[in-house]
Structure formats: C-alpha cells, structure tokens
Amino acid sequence: AKESGRNTYAMYRPEMQAASDARLEMEKALHHATENKLFELYYQPQNNAEGELIGAEALLRWRDADKGFISPAEFIPLAEEIGLIVDIGTWVLDEALSQVATWLEQGKWQPSWRMSINVSPIQFQQASFLPTLKAQLEKHHVPASCVDLEITENTLLNDWATSLTKMQAIKDLGVYLSIDDFGTGYSSLKYLKSLPIDRLKIDQSFVRDLLTDHSDEAIVHAVIAMAKALKINVLAEGVETLPHFDRLKECECFFYQGYYFGRPAPADQFIASFVHDSPD
Ligand code: C2E
Ligand code: CA
Ligand code: CA
Ligand code: CA
C-alpha cells in the first residue's frame, strides 16, 4: 500500500499539492465553522413594482478568522461535497426563523412579508427535511406564510415522485416555494405546470444584459408570459439599475431583487436601511 501510495503521489506536481493543501485547510475550517456556528445571515430586500418591500432573502456569510469573508458560491459546493450542508442548512433555517420571530415581535416585520431561505438539493432530499421544517416553525412560532423556500430546478431531477410529494407537503404547511435561478437548470416546462410552485426567480444572467441583448429580453418576456399563464409569480434577480427596473416593469414582472433596491446587509442594517417606521 505504501508503494502504490508513493507512486500515486509522484503523479502530482507541486502546485497541485499546494492546491490540495489549501482545500484540506478549507475543509478543516468549514468543519470548525459548522461545529461552532461561525456563520451569519445577511438579508437582501425584495420589492414590488411600486418599490415597496415584500420580503427578504437570507444569504449565508462565513467570516474566517484568517481569510476574511469567504463567498457562499465557494463554500456551499464544498459543504455539499463533504456532508456539512444539512447541518449548515438547518442552522440557516433556525437563524432566519428566529430573526423573523424577533422582528415580528418588535413590529419590524409585516406578516405579509416573506423570508426567502435557500435550500440545497441535498438538504431537500433528506427524509428529515420536512420534520425539521415543521419543528423549526413550531419552535419559533413563525407563521408558515412568512416563509418562502428557494429550491433549484436540479433539486427535482433526482426522484421526481418523491420531490413532488414533499413539495406538496410543504405547500400544505402553508410555506411558499420558489424556483431559484430559473432558466439555468434542467427542468422541463412540462413539469412546471404540475409543480406546486408559487414563484420563479429569473436568474440574474438573463437580467444583466436585458437592455442590450435581444435574446435575453425575449427569454425574460417568455418566462413572464408563461408564468402568468400558469398563475405563478415571477421575481427578477440581479436588478442593478433603474433602466433594468424600468424595462422589467414594461415586461410586467411582478417582483424584483438586486443592488438597485439594496445589497444584502446584516440584520440591524437591513431594518435601518429598508424598513421604514410605520405609525402604530
Ligand atoms: P442565489 O441564491 O442566486 O443568491 C443571489 C446572489 O446574487 C447572492 O450572492 C446576492 O448577494 C447576489 N446579488 C443580489 N443582487 C445582485 C445584483 O444586483 N447584482 C449581482 N451581480 N449580484 C447580486 P451570494 O450572497 O454571494 O450567494 C451566492 C449563492 O450562494 C446564492 O445564490 C446561493 O446559491 C448560495 N447561498 C447563499 N446562501 C445560502 C444558504 O443559506 N443556503 C444555501 N444552500 N445556499 C446559499
Ligand atoms: Ca442573529
Ligand atoms: Ca436564492
Ligand atoms: Ca438565484
């Protein structure tokens, strides 16, 4: 075994060794962060065509002592690979619902607003997902109608029948369901009509070049028209400028999220920047 180990080892170049050392180090740090809950949630506003707040998306942040902020785009795939995503996802659910409960109590969160929470395909496919969701709702006494789960198209690929049953059970609780990054995955349009989905989030890659790329504009139009026919809401992601917002309004998009309305912010800053005191 030692022999073959050495032979395998010899195939690596030094820079590959450095890359795998860095990865191992990151794995260790992620284990440590998960065990000690060293994460934070940021919140990004979601708005309607009038510019009014309709909810927020909870976005995970990991600040490593040495490396500073590490992007979720980087560490979520790693967490999925090394089996930490279920624990992390449960923490996210717990933290986001605890935050909504606090804000509801303080009168800072309207009961009609929704907190969007990202759910990894691996997390969704766990048998424990539904019981965990129910337990979290009960623990925090948060109305199910305040919660929106964002799942991706690829979540549904694995086991269609089981996924559909689970989605229906989530809907029966009163929790909303959104398809995240819509247009980038592999879901078939045929399936869309049989899914208990409340909202499609048009991926920001289609929104970015909306003003200059005619095919992106055509796609956005088509998605909105199709969603309307299926009685599904549409939220456009990555709305960065007023011209983007204006064009999307012309397309009769329902809801909007992006830097134009506000960047993800820590809880206190989210309230200070985006929630205006209403007279009680
Ligand atoms: P996502 O779910 O598509 O989240 C939207 C991403 O776009 C966020 O990046 C957000 O900060 C960014 N964004 C928002 N508005 C704009 C805009 O106007 N322009 C541009 N260029 N970007 C904008 P973030 O926070 O870095 O998250 C990246 C991805 O990591 C998320 O993409 C999601 O897939 C994943 N993620 C984040 N939090 C969680 C979580 O709690 N659980 C899971 N499973 N995944 C998460
Ligand atoms: Ca907190
Ligand atoms: Ca999302
Ligand atoms: Ca997205």
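Order of appearance sets the numbers: ligands from 1, and atoms from 1 within every ligand.
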Gln257 backbone acceptor or donor facing Glu237 side chain under 3.5 Å: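 No; judged by distance alone, with no hydrogens or angles, the pair does not exist.
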
Protein N, O or S within less than 3.0 Å of the Ca ion (ligand 4), waters excluded: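 Per the 3.0 Å query on the Ca ion (ligand 4), atoms found are Asp180 OD1, Asp181 OD1, Glu237 OE1, Glu237 OE2.
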
Separation of Met167 CE from Leu156 CG (nearest 0.5 Å):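 Spacing of CG (Leu156) from CE (Met167) equals 5.5 Å.
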
Distance (rounded to the nearest 0.5 Å) between Ser178 OG and Glu57 CD: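 Taking OG in Ser178 and CD in Glu57, the distance rounds to 9.0 Å.
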
Heavy-atom distance under 4.5 Å between the side chains of [X] and [Y], does that happen here?
| X | Y | value |
| --- | --- | --- |
| Leu192 | Leu200 | yes |
| Tyr259 | Pro264 | yes |
| Glu52 | Gln110 | no |
| Ile197 | Phe182 | no |

Parallel, tilted or perpendicular: ring planes of Phe39 versus Trp62, cut at 30 and 60 degrees: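 Aromatic pair Phe39/Trp62 classed perpendicular.
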
Geometric class of the Trp109/Trp113 ring pair [parallel <30°, tilted 30-60°, perpendicular >60°]: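 Trp113 and Trp109: perpendicular rings.
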
Sub-3.5 Å pairs, protein N or O with ligand 1 N or O:
{"from": "ligand 1", "atom 1": "2 (O)", "to": "Glu57", "atom 2": "OE2", "distance (Å)": "3.3"}
{"from": "ligand 1", "atom 1": "2 (O)", "to": "Asn118", "atom 2": "OD1", "distance (Å)": "3.1"}
{"from": "ligand 1", "atom 1": "2 (O)", "to": "Asp180", "atom 2": "OD2", "distance (Å)": "3.0"}
{"from": "ligand 1", "atom 1": "3 (O)", "to": "Asp181", "atom 2": "OD1", "distance (Å)": "3.2"}
{"from": "ligand 1", "atom 1": "7 (O)", "to": "Gln204", "atom 2": "OE1", "distance (Å)": "3.1"}
{"from": "ligand 1", "atom 1": "15 (N)", "to": "Gln44", "atom 2": "NE2", "distance (Å)": "2.9"}
{"from": "ligand 1", "atom 1": "18 (O)", "to": "Tyr259", "atom 2": "N", "distance (Å)": "2.8"}
{"from": "ligand 1", "atom 1": "19 (N)", "to": "Glu240", "atom 2": "OE2", "distance (Å)": "2.5"}
{"from": "ligand 1", "atom 1": "21 (N)", "to": "Glu240", "atom 2": "OE2", "distance (Å)": "3.0"}
{"from": "ligand 1", "atom 1": "22 (N)", "to": "Gln204", "atom 2": "NE2", "distance (Å)": "3.4"}
{"from": "ligand 1", "atom 1": "22 (N)", "to": "Tyr259", "atom 2": "OH", "distance (Å)": "3.3"}
{"from": "ligand 1", "atom 1": "25 (O)", "to": "Arg61", "atom 2": "NH1", "distance (Å)": "2.8"}
{"from": "ligand 1", "atom 1": "25 (O)", "to": "Arg61", "atom 2": "NH2", "distance (Å)": "2.8"}
{"from": "ligand 1", "atom 1": "38 (N)", "to": "Leu60", "atom 2": "N", "distance (Å)": "3.1"}

The Ca ion (ligand 3) - name of the N/O/S atom of Glu57 that sits closest to it: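 When I compare the N, O and S atoms of Glu57, OE2 is nearest to the Ca ion (ligand 3).
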
Cation-pi geometry met for Lys171 and Tyr176 (6.0 Å, 45°):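 Judged by the rule (NZ or CZ under 6.0 Å from the ring centre, within 45° of its axis), Lys171 counts as positioned above Tyr176.
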
Whether Ser178 has an N, O or S atom under 3.0 Å from the Ca ion (ligand 3):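 So Ser178 does not bind the Ca ion (ligand 3) by this criterion.
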
